[in-house]
Asker: 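Structure below; questions to follow.
Because the structure is predicted, anything quoted here is derived from the model rather than measured. First the proteins, then the strands, lettered A, B, ... as listed; each starts at 1.
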Amino acid sequence: MSFQIHNTLSRRKEEFRSLQPGIVRMYNCGPTVYSRAHIGNMRTFLLADLLRRWLELSGYEVRQVMNITDVGHLTDDDAGEGEDKIEAQARREKRDPWEISRGYTELFLSDLAKLSFVPPLVHPRASEHVPEMLEMIEGLIAKGHAYRVGDDVYFDVKSFPRYGALSGNRVAELEAGARIAVREEKRNPEDFALWKSDPAHLMKWKSVFGEHGFPGWHIECSAMSRKHLGEQLDIHTGGEDNIFPHHECEIAQSEAFTGKTFARYWMHARFLQVDGGKMSKRLGNCYSLDDVVAKGYEPRHLRYCLIRGHYRQPLNFTWGILEECRSALESLDDFVRRLRVAAAAGGPARGEELVAAARASFDAAMDDDLNTPSALAAVFALRGATLEDRLGPQAAHAALGFLERVHAALGVLRLEQQNLDQQVEGLIRARLAARKAKDFAAADRLRGELVALGIALEDTPRGVLWKRADGTGGGPIQ
RNA sequence: GGCGGCAUAGCCAAGUGGUAAGGCGACGGAUUGCAAAUCCGUUAUUCCCCGGUUCGAUCCCGGGUGCCGCCUCCA
């Protein structure tokens with residue numbers, strides 16, 4: 001079975017094949033760093049991380065680029081009007097816009113790290129790629145796809161007949177839409193800004209178009225992907241809202257400039273819903289990772305919560321659901337401990353076919369357009385088999401290996417072994433001896449001491465399992 | 001108005017033209033020195049509604065209803 005990807009462009013699943021054998025060039029639309037990223041943002045970025053991980057496990061070298069938009073994203077991009085989002089936030093916070101973008105960039109990267117994202121090759125900043133953008137803009141003018149009006153530059157949508165192919169929008173219908181762009185200087189209402197000039201703008205650059213210019217939002221991705229990955233991408237990802245206009249515009253700019261297909265596979269994540277609807281500042285449910293942690297959850301609980309649904313399906317978030325996710329994940333932690341016990345125990349070889357079947361199901365699910373809910377089901381099926389004691393030591397060992405793969409793909413398990421300090425291990429062994437001698441009073445007293453140290457015990461037929469009260473660590477003592 | 005998506009048990013969520021994975025929760029039983037965990041059993045007979053195609057549809061087609069997204073800031 002090969003890797004199947006749902007391509008927004010064709011609206012169907014396609015077999016994934018990279019342009020260059022063994023190498024995948026992937027560009028992920030990243031955040032505009034004007035505020036704290038919320039858990040909905042994370043769902044979209046998680047699609048990128050999941051893809052990265054699965055492609056690598058499938059044997060590809062993945063050249064992954066996720067941009068940081070730190071300039072040029074206006075509150076009304078296509079009209080080329082409105083305020084720069086970062087400058088607007090700077091005004092609200094009464095700070096320098098560069099401070100704003102730097103601060104939120106750091107927070108964003110720290111959130112990704114906490115959520116176990118595999119770092120991309122590079123997180124290019126728009127502000128550091130203005131020369132590359134200008135090169136493309138001037139090239140587009142030279143090729144007749146863009147035109148200058150005063151010190152502004154617009155892309156001429158009518159010069160690119162495929163405009164609308166990704167989103168299904170037709171230019172004629174767009175004109176009749178709710179958005180009426182009233183920039184009379186534009187040739188067509190749907191033309192979008194490549195470069196704007198405004199002396200009042202705080203983040204600005206000199207160029208052939210004047211002293212006080214700044215780039216349009218869409219051009220950054222075309223320029224940065226070209227610089228870091230070349231003219232043709234294998235995969236381009238983003239949130240569903242990016243389909244139009246952002247990605248439609250990127251295609252137009254890049255393809256008009258290079259004459260080549262920009263990206264072959266487009267993948268878009270559905271918006272996360274909260275409390276059954278769109279999250280909103282008004283309702284106060286634009287939760288960030290900090291809110292999740294403040295409620296006592298670990299980042300991986302959120303990660304699990306986000307992969308429990310398929311990325312193209314609607315997914316709802318509530319605190320109650322997050323709590324269910326914690327329970328599910330803890331039962332998987334327990335599964336790992338049981339496996340360690342079974343691997344260390346003696347007994348005949350058996351159950352290897354169950355591990356092989358789980359792995360086959362898991363791989364098939366992931367190959368099917370990253371069907372994480374189905375992949376998770378394969379893991380739980382193996383957990384069931386383990387708890388029924390159907391795995392011999394070799395199979396248990398193999399199962400642990402399988403879980404390494406699961407973790408490499410999903411990043412939600414806890415597999416690291418933690419050693420007990422000698423004092424604690426001594427107490428556990430003393431209690432074991434007391435139980436064996438049927439001195440239950442002493443055993444319970446020792447367990448009390450361990451609880452005070454934050455260690456929980458569980459007696460099983462094969463020995464004692466310990467774990468820390470906070471859920472970390474744990475393993476068998478025999 | 002244009003473009004698109006979704007509707008599966010108490011909650012969450014896969015999936016298939018031949019009668020429904022998995023998780024969480026709940027209930028009953030078992031096991032355990034105790035505890036915890038675990039095990040067994042039960043928990044969807046309209047898979048939103050109405051038509052149609054078919055030997056047969058939850059899955060295909062048409063219509064309806066509801067919700068969501070883009071077209072306007074948004075991942």
Asker: Is A:E87 salt-bridged to A:R91, cutoff N-O under 4.0 Å?
Answerer: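 Salt bridge: no.
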Asker: For B:U43, what is the paired nucleotide under Watson-Crick or G-U wobble rules, both distances under 3.5 Å?
Answerer: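 With both distances under 3.5 Å, B:U43 matches B:G25.
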Asker: On RNA chain B, check which nucleotide each of A:T318 and A:R312 is closest to and give me the residue with the more 5' one.
Answerer: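 With A:T318 and A:R312 compared, the 5'-side residue is A:R312.
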Asker: Categorize A:R435 for me: base, sugar-phosphate, or nothing, with a 4.0 angstrom heavy-atom threshold over every strand shown.
Answerer: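 If one applies the 4.0 Å heavy-atom cut-off, A:R435 turns out to touch a base.
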Asker: My understanding is that a pair needs two contacts under 3.5 Å, Watson-Crick or G-U wobble. By that rule, which nucleotide pairs with B:C60?
Answerer: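 Pairing partner: B:G52.
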Asker: Tell whether A:D444 reaches the base of B:G33 with its side chain through a donor-acceptor pair below 3.5 angstrom.
Answerer: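 Answer yes: a donor N or O sits under 3.5 Å from an acceptor.
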Asker: Taking any strand in view, what nucleotide pairs with B:U32 in a Watson-Crick or G-U wobble way, both distances under 3.5 Å?
Answerer: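 With both distances under 3.5 Å required, B:U32 matches none.
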Asker: OH/A:Y311 to CG/A:N371 distance, rounded to the nearest 0.5 angstrom?
Answerer: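 One gets 10.0 Å once the value is rounded to the nearest 0.5 Å.
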Asker: For nucleotides B:G29 and B:A21, find the distance between their C1' atoms and express it as a whole number of Å.
Answerer: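 Between the two C1' atoms, the distance is 26 Å.
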Asker: Of A:A328 and A:F440, whose nearest nucleotide on RNA chain B comes first from the 5' end?
Answerer: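 Closer to the 5' end of RNA chain B: A:A328.
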Asker: Closest to the A:K85 side chain: B:A14, B:C12, B:A75?
Answerer: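 Selected nucleotide: B:A75.
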Asker: Decide yes or no, distance alone: a donor-acceptor N/O pair under 3.5 angstrom between the base of B:C34 and the side-chain of A:R447.
Answerer: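 Counting by modelled atom types and ignoring angles, a donor-acceptor contact under 3.5 Å is found here.
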Asker: With a 3.5 Å limit on both atom pairs, tell me what B:A14 is paired to, counting Watson-Crick and G-U wobble, or say none.
Answerer: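 Pairing partner: none.
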Asker: Which nucleotide, B:A75, B:A14, B:A37, lies nearest any side-chain atom of A:Q313?
Answerer: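 Selected nucleotide (nearest to the side chain): B:A14.
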Asker: Write down the partner of B:U19 under the Watson-Crick or G-U wobble criteria, each distance required to be under 3.5 Å.
Answerer: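 Partner of B:U19: none.
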Asker: For a salt bridge (Lys or Arg N to Asp or Glu O under 4.0 Å) check, start with the C-alpha distance between A:D70 and A:R102, then their side-chain angles and the critical distance, and finish with the verdict.
Answerer: CA-CA 8 Å; A:D70 59 358; A:R102 206 176 306 122; over 6 Å; no
Asker: Quick check on B:U38: is either OP1 or OP2 less than 4.0 Å from any side-chain nitrogen or oxygen of A:R383?
Answerer: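 For A:R383, the contact criterion (side-chain N or O under 4.0 Å from OP1 or OP2 of B:U38) is met.
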Asker: When both hydrogen-bonding distances must be under 3.5 Å and the geometry is Watson-Crick or G-U wobble, what is B:C6 paired with, if anything?
Answerer: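 Partner of B:C6: B:G66.
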Asker: Below 4.0 angstrom from OP1 or OP2 of B:C24, is there any side-chain N or O of A:S331?
Answerer: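 Checking A:S331 against B:C24: at least one side-chain N or O falls below 4.0 Å of OP1 or OP2.
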Asker: For the side chain of A:Q273, starting at C-beta, report the closest nucleotide among B:C24, B:C68, B:A75.
Answerer: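 Among B:C24, B:C68, B:A75, the one nearest the side chain of A:Q273 is B:C68.
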Asker: State whether the distance check finds a donor on one side and an acceptor on the other, under 3.5 Å, for side chain A:N316 versus base B:C12.
Answerer: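 Not at all, since no donor on one side and acceptor on the other fall under 3.5 Å apart.
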